Structures are given as C-alpha cells and as structure tokens.
Amino acid sequence: MSSNYKPQLIEKNIQESWDKQNKYVTRIDDREKYYCLSMFPYPSGKLHMGHVRNYTIGDVISRYKRMKNFNVFQPMGWDAFGLPAENAAIANKVNPKDWTSQNIENMKVQLKSLGLSYDWSRELRTCDPDYYKWEQVIFKKFFDAGLVYRKKSMVNWDPVDETVLANEQVIDGKGWRSGAQVEIKEIDQWFIKITKYAEELLDSLETLDWPENVKTMQKNWIGKSYGAEIKYRLDGSKDFLTTFSTRPDTIFGVSFLAISPNHSLAIKLAENNKEIFDFLEKCKEIKAAEADIAKADKFGINTNINVIHPLTGDKIPIWIGNFVLLDYGTGVVMGVPAHDARDHEFATKYKLDIKQVIETDNNELPIVEKGELINSENFNGISSDIASKKIINELIRLKLGEELIQFRLRDWGVSRQRYWGCPIPVTYKDNVPKVIDEIDMPVELPKLKEDSLPIPLSQNKDFIEISENLKREGDTFDTFMDSSWYYARFTSSNNNTEIFDENTRYWLPVDLYIGGIEHAILHLLYSRFFHKALRDIGLVEGDEPFKRLLTQGMVLKDGAKMSKSKGNTVDPQSYIEKYGADTVRLYMMFTSPPEQSLEWSESSVEGSARFLKKVWNLVNKRKYNNLDDQFKFSEDELAVRRKSHATLKKVENDYEVRFSFNTAIAAIMELLNFIPEDFKYAEASKSKKYCLDEAILFILQMLFPIAPHICEHLWKEFYEEDSDIEASWPKVNESLLEVEEFELIIQVNGKVRGRVKIHKSAEQEEVKNIAINVENVKNFINSSEIKKTIYVKDKLINFVI
RNA sequence: GGGGAUGUGGUGGAACUGGUAGACACGCUUGGCUUAGAACCAAGUGCCGCAAGGCGUGGGGGUUCGACUCCCUCCAUCCCUACCA
C-alpha cells in the first residue's frame with residue numbers, strides 16, 4: 001500500500017470493479033425496495049456544480065439505504081429534447097442529434113468519474129424513438145380519455161425570423177436573434193386538461209412527505225378560490241359580460257369592468273375603431289410572460305360601452321385593460337377601486353369613481369380586508385362573508401349570477417413550434433385532426449438534411465405533406481411532456497413491447513425524488529398530473545409518483561446562480577481531476593445543507609481534501625485486531641466508545657430523517673479529532689486498540705456513502721479484503737450512551753453565570769442549593785431577593801432577581 | 001405585480017422541541033519542523049475592553065424568567081411566474 005493518499009490511483013480501480021461486478025444493476029428481490037431518483041439532466045455538454053450536488057445527494061442516500069439492506073434502484077438518463085440543441089445547431093452548424101449524443105457521451109464519462117452508483121442498464125434518453133413512441137401512445141390514450149383538445153392561444157411571434165419565440169428568447173420586447181419587435185400572436189394549439197385534476201392535485205398534496213414550502217407553492221399555483229360568477233348585461237343589448245369575483249360583497253363598489261385586450265369584444269370593437277385598434281396593437285408589444293404583464297405600466301382605454309349593474313341598474317363603463325389576462329377566469333374583471341389595490345391604481349389614473357362599500361378599523365383606501373358593508377342598499381351592516389352569500393342568492397334569484405369555485409390553474413398547452421422535440425402524432429385530413437393509430441407509432445422525427453438549420457418541423461414539407469389533402473401535425477411536444485413520466489419508464493426502459501411491466505409495479509412509487517427547487521411547481525405538478533391520468537387509464541398504480549421530495553438549493557458563485565451568461569461557472573471536472581471525486585463529493589455535502597443555496601468557495605475544497613487525508617493517515621498501515629469487547633474499560637476508553645456510538649446515532653438521524661449531511665460530516669470529524677494520541681501507539685493496550693478499531697470501522701462506514709472510494713479501499717485494507725462495506729452498518733449500543741452526570745447551566749436573569757456538574761438523580765432543591773453557591777453566581781445574586789426560579793431538568797436553572 | 005425562500009464572526013455554516021449563540025471547517029495570527037517554501041503539528045481567533053464586564057444572530061418594535069427560534073413591521077438577496085430546463 002502506498003503511504004500517501006492518492007485518490008487518482010484508487011478511484012478508477014474501484015469504479016472499474018463496481019462495473020465489472022455489475023454491482024448496481026438492480027433486480028426485483030424480497031428485500032424492501034427503495035427507488036431513489038435524481039432529476040435527470042438536460043445534456044448541455046458539461047456537468048455543472050448543480051448536477052454534482054444533486055447527484056451526490058442521491059448517491060449518498062442510495063448508498064446509505066443499501067448499507068441498511070434496502071434493494072435500491074437508482075437510474076440515470078437524459079432529458080434530451082429542447083431548445084439549446086437547436087441553438088447550438090444554429091451557432092455551430094451541427095446536427096441537434098449529433099450534438100446531443102456527443103454531449104451525453106461526455107457527461108456520462110463525467111458522471112461515472114464521480115462514482116455514482118447508478119443502474120446504467122436502465123439508461124434512457126427522451127429523444128430516442130423507443131422512448132417517445134410511448135409518449136405518443138400516452139397522448140393517444142389521453143385523447144381517447146377526453147383529456148386533449150385544441151384551442152387558440154397566444155405566443156411570442158418574431159415577424160422577421162417568422163418563428164415562435166420562448167419567453168427567454170424575448171429580450172426587452174425584441175427577438176434575441178433578429179432584434180425585431182416581438183408581437184403577440186394567436187395560434188391553434190393542443191391542450192391537455194390538467195384542470196380536470198385540479199381538485200385532486202390540491203387535495204392529495206396532504207398525503208405527500210414533501211417540504212411544506214413546495215406544497216404551499218403548488219397549492220397557491222392551483223389557486224382554488226370561492227366566489228361568484230356575475231353577469232352584466234350590455235347596455236342596449238341582450239348579451240352579457242360574465243365576470244368572476246371572490247368578493248361579491250363589494251359588488252356595490254363596482255365602478256368599471258375591465259376586459260382583456262384579447263377578449264372577443266375588444267377585438268370586435270377594434271374593427272371599427274382606430275383608437276381601440278391602436279391600443280390593442282400596443283398591448284401586443286408586451287411579452288406573453290405573466291411577470292412581464294404584471295410589471296408593465298397599467299394602461300387602459302374606455303370603450304364607451306356600458307353594462308348594467310345587476311343590482312343597482314346603474315350604467316357601468318367597460319374599459320380594456322392591459323393587465324387583464326384572458327386565460328384566467330373569464331377575461332373580465334369587475335373593478336372595485338375602493339377595495340382592490342390594482343383597481344384603485346387604475347381608477348386613480350383614469351379618474352374613475354371610487355366608492356367605498358366596506359368598512360373596517362382601517363380607513364385608508366383601498367381597504368382590501370373584509371369588514372362590514374356600507375353604501376350597499378339593504379346589505380348595509382352585514383359582515384363580508386355573510387353578505388357575499390346573501391348577494392349571491394340575490395343574483396341567483398335574478399338569474400344574473402351563481403356561486404362558483406374557480407381555479408387559477410390553466411390547462412396545459414403542449415404544442416411547440418420547433419424541430420428538436422417529440423412529434424405530435426396527429427394527421428389532418430382536410431384540416432380535421434386525427435390522432436394516428438398506435439400501430440403506426442412512433443411518428444419519427446425526420447432527419448435533417450446535411451447543412452440544414454433546424455427549421456421548425458412545420459416547415460419541413462417532406463414530413464408534413466403525406467398527400468394532397470392529408471397533412472401531418474407540424475408541432476412538437478413541450479419537453480415537460482418528456483419529463484412527466486420518465487420516472488415510471490425507468491423501471492421498464494428495456495421493455496420494447498410494453499410501456500410498463502411487473503418492474504413498474506414493483507418499483508413505483510419513487511421513494512425519494514431529489515432535484516432543484518426551481519422545479520417546485522411546473523415539472524412536479526405536470527408529473528403528478530401524468531401519474532393520476534396514467535392511473536385512470538390503467539397504466540400505473542397509486543395516486544402519486546413521488547412519495548418523498550428533497551429540493552436542493554442553487555449553487556451560487558458571488559451570490560448569483562452559476563451561468564454561462566454571467567461568466568461565473570466553475571467546472572467540476574477540473575476539481576475531480578485535481579482532488580478526486582471523494583473530495584468533491586465531501587465538499588458538496590459539507591459546505592451547506594442540501595435545501596439551502598450553496599456558495600462556491602475555492603479554499604474550502606482544500607479543507608475537505610485535508611480531512612480525507614487525515615482519515616487515510618489514521619487507517620493506513622494499521623490492521624484490525626479482531627478483539628472481542630470483554631474488557632474492563634477505563635474512563636478515557638469508555639469516553640472514546642461513547643463518542644463513537646453517540647456519533648453513529650447522530651449520523652443515522654442526520655442521514656435518514658434530516659438529510660443533514662453537513663452536520664453528519666462535522667460529527668464524524670469530531671469523532672476523529674476526539675481519539676487521543678496514545679490510543680494510536682503500537683504499544684497501546686488491547687482495550688485501547690479495541691476502542692480505536694471500533695472508531696475506525698464506524699468512521700469508514702459512516703463516511704462511506706459520501707466518500708465511497710477511499711472508504712471501500714481502506715475497509716478492504718484494514719478490515720477484510722472479501723468483505724463489502726456497503727453490506728454493513730454498525731449498531732448503536734444504547735447502554736454506552738447513558739451517562740450519570742450532566743453540566744447544569746446556571747443563569748441569573750437569563751444570562752449564563754456559571755456551570756456545574758450535577759448527578760442526574762439530584763432533586764430540584766438540591767440542584768438549587770448547589771447552583772446558588774457557585775462563586776460567580778453568588779456575586780451576581782449578591783444580597784438580592786430571588787423572585788423566581790425556573791428549573792429545566794437536566795439542563796439549566798435560571799434565578800430571576 | 002403575485003407566490004415561495006433566505007439573512008448568524010473575516011468566510012461556509014452549527015444551535016433538531018423557546019433554554020449554553022458561533023459546533024465543524026475555511027481563513028488569519030503566533031510558535032514548532034525546514035536552508036527556504038509547501039505540507040504537517042501545537043496554541044489562539046465574534047466585537048469592545050488591561051480587567052471586571054458590556055455588546056452581539058439584516059434594521060426597528062413586541063411577547064417571555066429566557067428569543068437565531070414566536071408575533072408585527074421595514075430592508076436586502078435568491079428562486080418560480082405556465083414556451084429555459
């Protein structure tokens with residue numbers, strides 16, 4: 001054995017031996033199963049620190065669970081469709097498929113060098129026809145189940161490049177490549193009825209062992225609200241405008257209605273009104289993203305049309321407002337300036353009536369809280385909640401409204417006007433769409449001609465035109481479709497004849513899903529929806545795909561997310577080469593708890609390397625003595641044993657319950673520092689040797705999930721060549737942890753003034769007498785009267801003077 | 001605009017249930033080893049103060065015998081906002 005720690009020498013050998021044994025290829029057996037899944041990466045070309053962090057967390061837990069005798073399944077694959085491949089194709093004149101394949105090869109080598117215990121036999125990539133065939137099959141089944149429909153919807157349109165742009169491709173209202181002013185355009189798209197599952201998606205959140213913040217985000221995103229649908233008759237017409245409001249109690253304060261610029265009424269009015277037409281044109285300049293619409297200055301235009309207030313009969317003006325979203329509710333907002341901040345701002349700007357109809361202790365408008373009604377005819381004096389009910393009843397009686405539960409969640413538009421994605425398996429005969437038969441799937445993405453840029457599929461005539469009146473759908477699926485069911489396909493990815501099989505039934509649900517917090521809403525909600533819809537068409541079992549969730553924070557540098565555009569990326573590969581995978585893994589786990597963001601620090605990496613070196617130097621050239629524990633241990637020997645077992649207990653809890661790897665590592669470091677020098681001497685007594693051996697085994701076992709190469713290597717050298725460290729986990733000896741004495745904290749007025757060793761069996765009166773006579777405590781109490789004594793057993797005593 | 005988080009020494013962080021603030025590291029200082037450096041080892045290290053002691057967890061206020069932890073308020077930063085993944 002070489003005497004210095006050289007990770008480059010040992011890591012590669014150990015990784016090869018794992019490969020040779022097929023150690024992490026998993027099969028159904030009779031142990032308890034554990035499906036540990038980390039979010040698969042987009043193959044951008046290089047692993048970044050966020051990946052390293054994500055995959056190390058997954059690997060630590062997988063290895064720990066294996067040591068605890070679970071049958072662990074940890075697969076890895078590639079979210080291989082998406083925009084960056086098209087961008088790279090344009091920038092570097094490479095085929096998206098070749099670019100993607102090359103990237104996958106590179107990243108796979110990088111992942112392997114990290115020593116991650118994946119079952120590579122289940123590897124999948126979403127751009128393979130073998131994968132997306134089944135996505136097309138699912139689409140058909142969803143269609144047959146009535147979950148799919150076609151609807152017009154808004155996109156960002158670049159009039160120069162004549163392409164649809166993603167939100168991130170619109171910069172300051174301009175196309176990123178052409179620089180042209182982007183317009184909002186309405187086109188036909190495929191939608192999936194996720195809203196049909198809104199109620200269940202909301203309710204079953206409760207059953208999930210997920211972080212509260214993620215559950216809250218999903219709950220707010222789904223946005224269930226109770227209110228009323230209220231109909232306003234257009235003045236001089238039999239037609240109505242319908243609005244939804246969560247505050248029918250404020251109906252007497254309505255001073256205008258605001259409709260979306262995309263509302264059919266607005267579009268109709270623009271036909272004969274230049275001013276309105278120009279206004280709508282101006283609205284089209286704001287990018288389609290919600291954040292941009294919400295941040296844009298609120299402006300509006302009076303249509304000079306009125307509606308009739310359903311209860312007062314007053315005439316109320318209709319405005320068009322750029323802040324009204326067509327997709328939410330009915331695309332019509334009832335403006336109550338006195339009781340809504342946005343309406344107040346709008347009414348102030350355009351000098352519209354502001355009529356207070358709710359009274360609270362607060363008298364500054366807008367009053368958005370509930371209160372008691374005023375200026376509301378015969379509803380005056382009634383509290384908001386009761387008044388809402390009464391007003392809804394009145395509207396029902398007049399047939400001008402009804403009670404309604406509204407969701408913020410919108411149906412999922414899955415059409416994308418791109419090339420590098422899964423073709424939507426539809427044909428059009430005389431413009432009538434038909435989902436193609438399963439037997440004709442997959443509809444393969446056509447290869448690009450040499451030197452061709454990745455033009456949107458819809459512009460590929462050879463693909464689109466089957467015959468004169470039979471055409472193919474030219475859109476591809478949203479890549480969120482690809483990633484919404486991969487967790488299930490991993491279990492059966494080698495099965496070419498069935499989408500799912502007995503492996504799926506064995507492995508699902510995912511026991512632990514690990515990924516970035518940035519996916520807290522969209523990806524996780526889509527996947528949950530997919531699972532429920534797949535369940536209802538009989539393809540999977542259970543109600544939820546991911547039992548437990550761990551959301552890791554971002555990896556930052558200089559306080560910002562690492563990104564190419566900011567030029568603050570740190571390449572993990574150079575660190576793996578310089579320090580070895582174990583050091584990088586240890587650093588990642590030690591430097592920050594997983595849910596928090598991690599600030600990259602150059603110098604701390606050194607510290608992690610140093611610790612592994614210390615472990616190496618302790619164990620190296622030493623040999624397990626194979627002694628039994630029949631010794632009369634001295635006090636300092638007992639202290640070492642106690643420390644070993646207390647550390648083990650803490651580490652188990654940190655790994656399993658808290659996912660708090662940084663404190664687990666700190667505890668292992670403490671144990672290492674705790675071992676007295678004389679225990680390590682060659683001439684040390686057998687009882688000391690026993691204590692040291694025990695500590696060494698524990699350290700290697702506890703550290704193995706995080707730094708598997710060095711620990712496995714040392715385990716074989718120190719303990720037994722033929723023994724598998726990953727098939728072992730020590731047991732806590734609880735009796736060693738029982739102590740007779742503890743340190744009592746003595747406070748005077750809540751401040752620590754002394755501490756003293758106390759026997760656990762001591763009575764309160766006895767403890768008080770000891771505490772009060774501690775020299776420093778005496779000085780502080782002086783001759784003052786003790787007004788109160790607070791005693792917390794086995795912890796502290798506080799004298800209030 | 002809305003939703004979700006975070007804020008503790010020079011730095012990363014610990015304090016798990018309202019009960020010892022700063023564990024464990026990084027860095028720095030001093031000493032040892034060395035021709036020198038690196039590495040390693042030992043000691044010290046929140047701030048002010050000679051000390052006694054005082055102050056201290058983004059700012060302000062509150063509850064409590066006791067607050068990093070609970071409540072109110074303000075500020076800063078990060079993530080998501082439905083076509084980046």
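Chain letters run A, B, ... following the sequence lines, proteins first, then strands; residues in each count from 1. Hydrogens, waters and symmetry mates play no part in the numbers below; they use all other heavy atoms, side chains included. Source: prediction; values computed, not measured.
Atom CD of A:Glu606 is separated from atom P of B:C28 by 11 Å (rounded to the nearest Å). The CZ-P distance, from A:Arg53 to B:G12, rounds to 14 Å in whole Å. Protein atom CG of A:Asn776 is 16 Å distant from nucleotide atom P of B:A51, rounded to whole Å. Atom NE2 in A:His523 sits about 13 Å away from atom P in B:A85, given to the nearest Å. Between the CH2 atom of A:Trp176 and the C1' atom of B:C83 there is a distance of 12 Å, rounded to whole Å. In this structure, OH of A:Tyr486 is placed 12 Å from C1' of B:A85, rounded to the nearest angstrom.
Using a 4.0 Å cut-off, no side-chain N or O of A:Arg410 falls inside it from OP1 or OP2 of B:C83. At B:C55, one or more side-chain N or O atoms of A:Lys751 fall inside 4.0 Å of OP1 or OP2 (strictly under the cut-off). Contact annotation: A:Ser592 reaches the phosphate of B:G13 (side-chain N/O to OP1 or OP2, under 4.0 Å). Residue A:Arg610 has no polar side-chain atom (N or O) positioned under 4.0 Å from OP1 or OP2 of B:A39. Dashed line: the shortest gap from a side-chain N or O of A:Arg416 to OP1 or OP2 of B:C83 is under 4.0 Å. Here A:Asn662 reaches the OP1 or OP2 of B:A14: one of its side-chain N or O atoms lies under 4.0 Å away.
With P as the reference atom, B:C55 and B:C68 are 13 Å apart, rounded to whole Å. B:A52 and B:G60 have their P atoms separated by 28 Å, given to the nearest Å. On the C1' atoms, B:G49 is 33 Å away from B:C74, given to the nearest whole Å. B:G10 and B:U45: their P atoms are spaced 15 Å apart (whole Å). Comparing B:C16 with B:U63, their P atoms sit 25 Å apart, to the nearest whole Å. Only the P atoms considered, B:U17 is 31 Å distant from B:G54, to the nearest whole Å. Comparing B:A25 with B:U34, their C1' atoms sit 27 Å apart, to the nearest whole Å. Separating the C1' atom of B:U6 from that of B:G58 is a span of 11 Å, rounded to the nearest Å.
Ion pairing between A:Lys649 and A:Glu652 fails under the 4.0 Å rule for side-chain N and carboxylate O. Note on A:Glu162 versus A:Arg177: no salt bridge recorded, every NZ/NE/NH1/NH2 to OD/OE distance being 4.0 Å or above. Between A:Asp475 and A:Arg416 no salt bridge is recorded (no basic side-chain N to carboxylate O distance below 4.0 Å). A salt bridge between A:Lys650 and A:Glu670 is absent, with no side-chain N of the basic residue lying under 4.0 Å from a carboxylate O of the acidic one.
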Nucleotides 62-70 of chain B: which of its N/O atoms have a protein N/O under 3.5 Å away?
from: B:C65; atom 1: O2; to: A:Asn798; atom 2: ND2; distance (Å): 2.5

Check: protein-nucleotides 1-8 of chain B nitrogen or oxygen pairs below 3.5 Å:
from: B:G1; atom 1: N2; to: A:Glu290; atom 2: OE1; distance (Å): 3.2
from: B:G1; atom 1: N2; to: A:Glu290; atom 2: OE2; distance (Å): 3.4
from: B:G3; atom 1: O3'; to: A:Asn220; atom 2: ND2; distance (Å): 2.8
from: B:G3; atom 1: O2'; to: A:Asn220; atom 2: ND2; distance (Å): 3.3

When you compare the protein's N or O atoms with those of nucleotides 46-48 of chain B, which come within less than 3.5 Å of each other, and at what distance?
none

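A distance of 6.0 Å or more separates the ring centres of A:Phe529 and A:Trp485.
A:Lys298 forms no cation-pi arrangement with A:Phe346, by the criterion of a distance under 6.0 Å to the ring centre and an angle within 45° of the ring axis. Within the cation-pi definition used here (under 6.0 Å to the ring centroid, within 45° of the axis), A:Lys224 does not qualify as a partner of A:Phe407.
In RNA chain B, stems built from 3 or more consecutive Watson-Crick or G-U wobble pairs, each with both distances under 3.5 Å, span B:1-7 with B:75-81, B:10-12 with B:24-26, B:27-32 with B:40-45, B:46-48 with B:53-55, B:58-62 with B:70-74.
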Task: Test side chain to side chain contact (heavy atoms under 4.5 Å, CB included) applied to A:Trp176 and A:Val170, step by step - done: CA-CA 6 Å; A:Trp176 68 343; A:Val170 181; over 6 Å; no
TODO: Apply the test side chain to side chain contact (heavy atoms under 4.5 Å, CB included) to residues A:Gln218 and A:Leu524: give CA-CA distance (whole Å), side-chain angles for both, the deciding distance (0.1 Å), then the verdict.
DONE: CA-CA 9 Å; A:Gln218 293 221 344; A:Leu524 288 170; 3.4 Å; yes
- [ ] Would you sort out whether A:Leu612 and A:Leu703 count as a side chain to side chain contact (heavy atoms under 4.5 Å, CB included), showing the intermediate values?
- [x] CA-CA 10 Å; A:Leu612 291 184; A:Leu703 199 58; 4.1 Å; yes
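Using modelled atom types, one finds a donor on one side chain and an acceptor on the other under 3.5 Å when comparing A:Asp411 with A:Thr195. For A:Gln406 and A:Tyr328, the side-chain atoms include no donor-acceptor pair closer than 3.5 Å.
The 12-atom threshold is exceeded at NZ of A:Lys215, counting heavy atoms of other residues, nucleotides or ligands nearer than 6.0 Å.
Base orientation for B:G46: anti, the chi torsion being more than 90° from 0.
Two residues are said to be in side-chain contact when any heavy atoms from C-beta on lie closer than 4.5 Å; A:Asp478 and A:Trp412 meet this criterion. You'll find the side chain of A:Lys287 stays beyond 4.5 Å of the side chain of A:Ile293, heavy atoms only.
A tilted orientation is assigned to the rings of A:Tyr132 and A:Phe81, their planes being inclined by 30° to 60°.
Interface residues of residues 182-193 of chain A facing RNA chain B, ordered by number: A:Gln189; criterion, heavy-atom separation under 4.0 Å.
When each of B:U20, B:C84, B:A85 is scored by its nearest atom to the side-chain atoms of A:Glu743, the top-ranked nucleotide is B:U20.
On a pure distance criterion of 3.5 Å, no polar donor-acceptor pair joins the side chain of A:Gln169 and the base of B:C84.
Each of A:Glu518, A:Glu595, A:Met39 was compared with A:Thr551 under the side chain to side chain contact (heavy atoms under 4.5 Å, CB included) criterion, and only A:Glu595 meets it.
Listed by chain and residue number, nothing satisfies the ring pair (Phe, Tyr, Trp, His ring centres under 6.0 Å) test with A:Trp78 (two or more places apart in sequence, or in another chain).
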